[in-house]
Protein chains: 2
Amino acid sequence: MTKPSHSIDAVERDVGLTKDVLRKWERRYGFPSPGRDCHGDRVYSDDEILRLRLIKRLIDQGRRPGALVALDRAQLEQLLESAGDVAPSQCPIAADVARLLRDRRVPELRTTLNQLLLRQGLRHFVQDTIAPLNVAIGEAWLRGDIEIAEEHLYTEQIQTVLRSAIAMQTGAGASPRILLTTLPDELHALGLLMVEAMLVCEGATCIALGTQTPAADLGAIGEGNAFDVLALSFSSAFPRRRAVDGLIALRTRLPASIPIWVGGSGISGYRPTVDGITVFRNLDSIVPALQQWRSRGLS
Amino acid sequence: MTKPSHSIDAVERDVGLTKDVLRKWERRYGFPSPGRDCHGDRVYSDDEILRLRLIKRLIDQGRRPGALVALDRAQLEQLLESAGDVAPSQCPIAADVARLLRDRRVPELRTTLNQLLLRQGLRHFVQDTIAPLNVAIGEAWLRGDIEIAEEHLYTEQIQTVLRSAIAMQTGAGASPRILLTTLPDELHALGLLMVEAMLVCEGATCIALGTQTPAADLGAIGEGNAFDVLALSFSSAFPRRRAVDGLIALRTRLPASIPIWVGGSGISGYRPTVDGITVFRNLDSIVPALQQWRSRGLS
DNA sequence: CTTCCAACTTTGTCCAGGACAAACAGTGCG
DNA sequence: CGCACTGTTTGTCCTGGACAAAGTTGGAAG
């Protein structure tokens, strides 16, 4: 029996909803309805946390909380599957990886990943192995099948593998030089790293700024002429409206000679209304875009 | 002239003080005293942000806010220097690195770092180059000499260099197997990576769990017998009391055969009251400890 | 003179309830 | 069918207060 005592602070970190939102929902919808400890502080149950995780993900997909809070776990999972976001068991090695993570068999895990990397090459490794694996591991966490510690362990290993592969491929300042980052508030390092791997793999030079770069800084950097392309990535947790607004603001501030490339599930389906913004639906499409950029540069 | 408009949300992210704390201070001490925009929301000035950064760091060193809020920037900087925490210009290459960061000359930066790594070897590279460089860059940010974007860029490059070096050195499961992480709330990835580099460099196997591992998970993991040593790192931002309490709790939960190693500026000066906890004052002392562990294992 | 305990002060986190603009979902008109 | 307008939903910020945990101080006891 696990003890169902989670403070509002722990829930905020775990689920990713702020304390203000958690309290507002409780008042407005009656969910969650945590108990209270001896100080009158909220105490959330395991079930509430799992439901909140599911609801959070559905909201990130564009749904609204009002209609979700009444549903139970099974219904929420059904909704998620119907969205096609999660394609269960699409990833053949996911089960093996999850087992290695649970048993903390790190050397074996790293060996497995490195072998796959060697066999498939960096590009296909990222597209066909890492991408579906990320989805599978994220879903395992959502279900409560693995702990946060295990997800951290996973992230660490993937980072190590990708970063060393990137370091090995990186030449000496080949063009185009691509500035790679996200808008402020955005925080999904792994997605950025995957894009960087794809780009480096095709001979580009990446200047990765990490996550949460202030927008003002980006504009200022553009004037330095230190890069040829600005690439941005948005996770699904990022509100689309803010992404679009930020994009347009950036577009007007940057010189027209610098194209903006955008990707990530937070922006999929968006049709740019301005010239000079390209949206990528998947990792594959980066490669032809790079080739096109190069030939355009020569013509 | 920079526009001095920062929302409370931006300040929270930049400085690392929660909205609740910022409002409490304003009411209690009269500092900060932000203006208000047309909606009545707080608007902080650049100077307030810089002072708040300095105050935050002093608090992390163990001081208390009441006596700090009345001081101006010069006085706060003096306090920081008198604490000896910041040894200015101890790092000869810091100025060069800062310039490369500002100009976004990433390939040169990476070349510089890699050359130093080759010349010094991983161990001395971490001790003599990265460690003082981190301090210098942190101080540059504190002073407002570099932007957050540049600090991100720095972190990215260091991560890449260290992670590839680690990946290269990692053999196939040599002992001891060391579980490396921090307690929850702790979030300084670079420090962990430096420790990992030192350990791997001496032939140990690291199971790096990343930051913010829930304490409950750590206890559970101990029973799996998947590692020989538990290593924890605390940054100075972590309240010492919670570190000590967490340590003792962990010590009672883990089998006595697994030593706990602790380091980081957040715990320096602590004398363990229980057997089976070792505190490291600096990165050097890890190496003899490893050798001692090995010889103990053989005897 | 040091050690230890109790009372007091400081400080961060949580709580309640309210205001409000931005985002979203319709609805009717051209 | 597209577009402007209106109503509802929703997240963030606000004020002001309660309280325990952490830190400090003063005095009694060794």
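Here is how names work: the chains are called A, B, and so on, in the same order as the sequence lines, proteins then strands, and each is numbered from 1.
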With sequence neighbours excluded, residues passing side-chain hydrogen bond (donor to acceptor under 3.5 Å, both in side chains) with S7(B): none

Between [atom2] of [N] and [atom1] of [X], the distance in whole Å:
X: R27(B); N: dG17(D); atom1: CZ; atom2: C1'; value: 9 Å
X: L22(B); N: dT15(D); atom1: CG; atom2: C1'; value: 16 Å
X: D37(B); N: dA19(C); atom1: CG; atom2: P; value: 18 Å
X: Y44(B); N: dC13(D); atom1: OH; atom2: P; value: 10 Å
X: H39(A); N: dC19(D); atom1: NE2; atom2: P; value: 11 Å

Touch class at under 4.0 angstrom, heavy-atom based, for R36(B) against every strand present: sugar-phosphate

For [X], check salt bridge (Lys or Arg N to Asp or Glu O under 4.0 Å) against everything at least two apart and list the hits.
X: D145(B); answer: R143(B)
X: R251(B); answer: none
X: E12(B); answer: K19(B)

Side-chain ion pair, K24(A) and D20(A), N-O less than 4.0 Å: no

Pairwise salt bridge (Lys or Arg N to Asp or Glu O under 4.0 Å) hits with a residue in residues 64-77 of chain B, at least two apart: D47(B)-R73(B)

Could I get a table of every N or O pair under 3.5 Å where one atom is in the protein and the other is in nucleotides 9-14 of chain C?
residue	atom	partner	partner atom	Å
dT11(C)	OP1	P65(B)	N	3.4
dT11(C)	OP1	G66(B)	N	2.9
dT11(C)	OP2	Y29(B)	OH	2.9
dT11(C)	O5'	Y29(B)	OH	3.4
dG12(C)	OP2	W25(B)	NE1	2.7
dG12(C)	N7	R28(B)	NH1	3.2
dG12(C)	O6	R28(B)	NH2	2.7

